[in-house]
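Just follow the structure's listing: the first ligand is 1, and inside any ligand the first atom is 1. Numbering starts at 1 and runs along the sequence shown. Quick note: numbers below take in every heavy atom, side chains included, and nothing from hydrogens, waters or symmetry partners.
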Amino acid sequence: MRIVVLAGGIGGARFLRGLKAAEPQADITVVGNTGDDIHLFGLKVCPDLDTVMYTLGEGINEEQGWGRREETWSIREEMGKYGVEPTWFGLGDRDYATHIVRTQMMSAGYGLSAVTEALCARWQPGVRLIPMSDDRVETHVVVDDPDRPGTRKAIHFQEYWVKLRAEPTAHAIVAVGIEEAKPAPGVLAAIAEADVILFPPSNPVVSIGTILGVPGIRDALVEASAPVVGLSPIVGGAPVRGMADKVLEAVGVETSALAVAKHYGPGLLDGWLVDTADAASVPGVEEAGIPCRAVPLMMTDVEATAAMARAALDLAAEVR
Ligand code: GDP
Ligand code: FO1
Ligand code: CA
């Protein structure tokens, strides 16, 4: 079975661990979000690709959900002593090696997809991990400018999310460069050839929404013969983790499993899973034209996550 998964960072990576456990023989292609990418100290950092790669390659810091296990922080401390900004984004020594290799290969002319493949040769994630695009796309968030009252400014997504903890009101989310971006080599073919396409419980705006914004990807999903089934990242009217409510508000979508399903729409989704806590929203999703089931959606361990993956594949088989 050929499965394509559109993934952000932690939500996507943890779901993939369960999917692999549920379907060890499946041929899984992951299309990763690169809108969170940031250039720091001359290095290209790809948080969501790295989170998937480290999680599936047993290198992740489990408690944090991002970054490397057994990490040390000497470079960060030394940079701080030089007074070099920014200090709010935590790059550890082991993680730095990944960004150095990536940046060096890209400077030598390799595309991000080729570089990601090379990095995965070490981590052996057991899936084919492809960035959504080899072209540079960076998500920015429009907020009030505290230095110039009455005016707004766009800041990098990581500054909004990590430095400001999504506290300022987000007026708009802008994926800079996306109009000119092309899907990375292999993305459209994987979607066209898939038997099943899954949206894990990733952020609908800044993870899956960004991937869908790459010209050609949404159309390929709509035209694909495979059913598209999504799992809600919103449980009981709130994100399970993180501040997805803040970016949903910015795009005018209520923080509920029902509203997220309608936001993707029946044109894109052939099935939607909500948590049992949201069972009351099943009829509303179905009235919107999307077959829906309520199952436990908390990724507490690999077994519970594998059960979620099985439920998604069952629904895909039902609607096919
Ligand atoms: P990020 O890039 O690290 O923010 O990760 P993703 O975009 O892939 O996923 C983030 C989303 O995962 C958040 O909106 C969370 O609500 C969701 N999430 C995290 N853990 C769980 C879980 O156990 N169950 C469900 N249903 N969603 C989860
Ligand atoms: N998230 C944080 O909350 N604080 C950090 O300092 C931080 C550093 C970091 C470094 C490398 C990496 O791959 C991810 C990192 N993240 C950090 C996570 C990540 O940037 C965000 O949580 C996601 O991109 C949000 O979608
Ligand atoms: Ca992310």
Side-chain angles (χ1 to χ4, degrees), residues 5-18 30-38 40-41 43-55 59-61 64-68 71 73 76 86-96 98-99 102 119 132 138-139 141 156-166 173 198-211 230-248 255-257 260 272-278 294-302 304-305 307-309 311-312:
V5 181
L6 270 49
I10 302 176
R14 291 195 172 155
F15 175 75
L16 284 161
R17 209 148 49 179
V30 179
V31 178
N33 172 44
T34 57
D36 293 11
D37 293 7
I38 185 165
L40 291 170
F41 316 119
L43 300 173
K44 183 171 175 72
V45 181
C46 301
D48 286 359
L49 294 179
D50 289 349
T51 298
V52 170
M53 184 173 79
Y54 293 156
T55 300
I60 198 79
N61 177 320
Q64 234 167 218
W66 52 269
R68 291 286 311 279
E71 189 56 284
W73 301 91
R76 186 186 202 186
T87 50
W88 49 263
F89 200 73
L91 295 177
D93 301 332
R94 293 182 191 278
D95 198 23
Y96 260 110
T98 304
H99 314 315
R102 174 184 291 124
L119 294 171
M132 64 188 198
E138 285 187 16
T139 302
V141 181
H156 192 284
F157 170 72
Q158 297 293 353
E159 182 175 353
Y160 173 74
W161 198 260
V162 173
K163 182 182 180 191
L164 302 175
R165 310 257 43 125
I173 314 287
L198 300 177
F199 291 1
S202 281
N203 190 306
V205 181
V206 292
S207 293
I208 293 181
T210 307
I211 301 171
L231 298 92
S232 178
I234 306 300
V235 172
V240 176
R241 186 192 160 112
M243 298 81 76
D245 49 322
K246 301 300 177 66
V247 289
L248 280 167
T255 302
S256 72
V260 173
W272 185 242
L273 294 180
V274 301
D275 188 80
T276 44
D278 299 309
V295 297
L297 288 188
M298 297 303 285
M299 299 189 283
T300 43
D301 56 37
V302 176
T305 312
M308 288 165 53

K.L.:
Under 30°, 30 to 60°, or over 60°: which ring-plane class applies to Tyr96 and His99, parallel, tilted or perpendicular?
P.N.:
perpendicular
K.L.:
Counting only heavy atoms closer than 4.0 Å, does ligand 2 sit against the backbone of Val206, its side chain, both, or neither?
P.N.:
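Neither; nothing of Val206 gets under 4.0 Å from ligand 2.
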K.L.:
Taking both backbone and side-chain atoms of Phe157, is any N or O found less than 3.5 Å from an N or O belonging to ligand 2?
P.N.:
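There is no such contact.
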K.L.:
Minimum distance, heavy atoms only, to atom 14 (O) of ligand 1: which one of Ala244, Gly32, Ala257 is it?
P.N.:
Ala244
K.L.:
Under 4.0 Å from a heavy atom of Ile10: which atoms of ligand 1 are those, numbered in the order shown and with their elements?
P.N.:
1 (P), 3 (O), 5 (O), 8 (O)
K.L.:
By atom name, which N, O or S atom of Asp36 is the nearest to the Ca ion (ligand 3)?
P.N.:
OD2
K.L.:
Tell me whether Thr51 reaches ligand 1 (any heavy atom closer than 4.0 angstrom to a ligand atom).
P.N.:
no
K.L.:
What do you reckon, does Asp36 have a nitrogen or oxygen under 3.5 Å from a nitrogen or oxygen of ligand 2?
P.N.:
yes
K.L.:
Should Pro239 be counted as touching ligand 1, given the test is an N or O pair under 3.5 Å?
P.N.:
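No, there is no polar N/O contact under 3.5 Å.
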K.L.:
Check each atom of ligand 1 against the heavy atoms of Ser202 and keep those under 4.0 Å away; list them by number with element.
P.N.:
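By the 4.0 Å cutoff, the relevant atoms are 6 (P), 7 (O), 8 (O), 9 (O).
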K.L.:
Which residue and atom name correspond to the protein heavy atom nearest atom 11 (C) of ligand 1, and how close is it?
P.N.:
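Protein heavy atom at minimum distance: Pro201 O, 3.3 Å.
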K.L.:
Out of curiosity, is Ser232 lining ligand 1, as in a heavy atom under 4.0 Å away?
P.N.:
yes
